[in-house]
Amino acid sequence: VSLTSFPPTNPTFLCLDPSSGAQGTADDHRPYLFLSDTNRSRILALDSRGCLLYAITGSGAAGGDFKRQNGLYFDRTSQKILVCDTESHRIQEVNLSGGAPGRVIIKTPPSHVPGFLALHSPSKRIAVSDIELKCIHIYSSERILMHSFGSKGSKEGQFRKPFAMVWSDSGILFIVDGGNMFVQGWI
């Protein structure tokens, strides 16, 4: 699939709606893939063939606006996308079914720079990688910071570029560290 008809200027992250199916279906106008186009402060929604359906755009401070967003996570339960709005120091929840464009669910301190995230579906905890402090912050289902772990470095428990993350059903958080070229698992 080529993105030449709407080339993103800096595609940083994408997430998939696995419930929509990888094959072209009768419902081909349903979003299947969401791509974060960071330089243009937008999220592109693509169908199963890679065709652009719509863009969620806006550069600014209002809910649904982004300022160099990075990580995306599609929550199948709520049918919403969680977005790391990096330069605005916040995590937003974007409603895909219309209505309000988005709302801030976590506002991080200015010293925290959210890069990527993962949702643990059973507990609704959110893990957020901090690309400035080189650590991971864990937020409760009430979106309160529970704890942080990790530091800058190249040893076990340290990160250089923590970005992609995924929770297992049993609660293990796997973190890809692109700077150290390894994956760590945390309980």
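Throughout, residue positions are numbered sequentially from 1 according to the sequence presented.
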Measure the [atom1]-[atom2] distance between [X] and [Y] for me, rounded to the nearest 0.5 Å.
{"X": "Leu119", "Y": "Tyr139", "atom1": "CG", "atom2": "OH", "value": "14.5 Å"}
{"X": "Tyr54", "Y": "Leu44", "atom1": "OH", "atom2": "CG", "value": "10.5 Å"}
{"X": "Ile138", "Y": "His147", "atom1": "CD1", "atom2": "NE2", "value": "5.0 Å"}
{"X": "Met146", "Y": "Ser141", "atom1": "CE", "atom2": "OG", "value": "8.5 Å"}
{"X": "Leu145", "Y": "Ser140", "atom1": "CG", "atom2": "OG", "value": "9.0 Å"}

Indicate yes or no for a side-chain donor-acceptor contact from [X] to the backbone of [Y] under 3.5 Å, with no hydrogens or angles considered.
{"X": "Gln158", "Y": "Cys135", "result": "no"}
{"X": "Asn180", "Y": "Phe182", "result": "no"}
{"X": "Ser129", "Y": "Pro162", "result": "yes"}
{"X": "Arg160", "Y": "Gly179", "result": "yes"}
{"X": "Ser88", "Y": "Arg90", "result": "no"}

I'd like to know whether NZ of Lys152 has more than 12 heavy-atom contacts from other residues, nucleotides or ligands below 6.0 angstrom.
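Atom NZ in Lys152 is not crowded, with 12 or fewer foreign heavy atoms closer than 6.0 Å.
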Side-chain contact, heavy-atom cut-off 4.5 Å: [X] with [Y]?
{"X": "Asp85", "Y": "Ile91", "value": "no"}
{"X": "Leu133", "Y": "Val113", "value": "no"}
{"X": "Val83", "Y": "Ile43", "value": "yes"}
{"X": "Val94", "Y": "Leu72", "value": "no"}
{"X": "Asp177", "Y": "Lys161", "value": "yes"}
{"X": "Val176", "Y": "Met165", "value": "no"}
{"X": "Phe159", "Y": "Ile175", "value": "yes"}

Centroid separation under 6.0 Å, is that true for the rings of His89 and His112?
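Ring centres of His89 and His112 not closer than 6.0 Å.
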Could you check Leu82 against Ile105 for side chain to side chain contact (heavy atoms under 4.5 Å, CB included), going step by step and ending with a plain yes or no?
CA-CA 9 Å; Leu82 302 180; Ile105 60 170; 3.8 Å; yes
Phe174-Phe116 co-clustered via ILVMFWY side chain contacts under 4.5 Å:
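Same hydrophobic cluster.
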Of all the heavy-atom pairs spanning [X] and [Y], show the shortest one and how long it is.
{"X": "Lys155", "Y": "Gln184", "value": "O-NE2, 4.2 Å"}
{"X": "Thr108", "Y": "Pro114", "value": "OG1-CD, 3.8 Å"}
{"X": "Ala127", "Y": "Ile136", "value": "CB-CG2, 4.2 Å"}

If you look only at pairs with a residue in residues 114-136, which of them pass as a salt bridge (Lys or Arg N to Asp or Glu O under 4.0 Å), with sequence neighbours excluded?
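Salt bridge (Lys or Arg N to Asp or Glu O under 4.0 Å) check on residues 114-136 returns Asp75-Lys124.
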Residues forming a ring pair (Phe, Tyr, Trp, His ring centres under 6.0 Å) with Phe149, sequence neighbours excluded
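For Phe149 the ring pair (Phe, Tyr, Trp, His ring centres under 6.0 Å) partners, ignoring immediate neighbours, are Trp186.
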Any idea how His120 and Trp167 line up, ring-wise: parallel (<30°), tilted (30 to 60°), or perpendicular (>60°)?
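His120 vs Trp167 ring planes: tilted.
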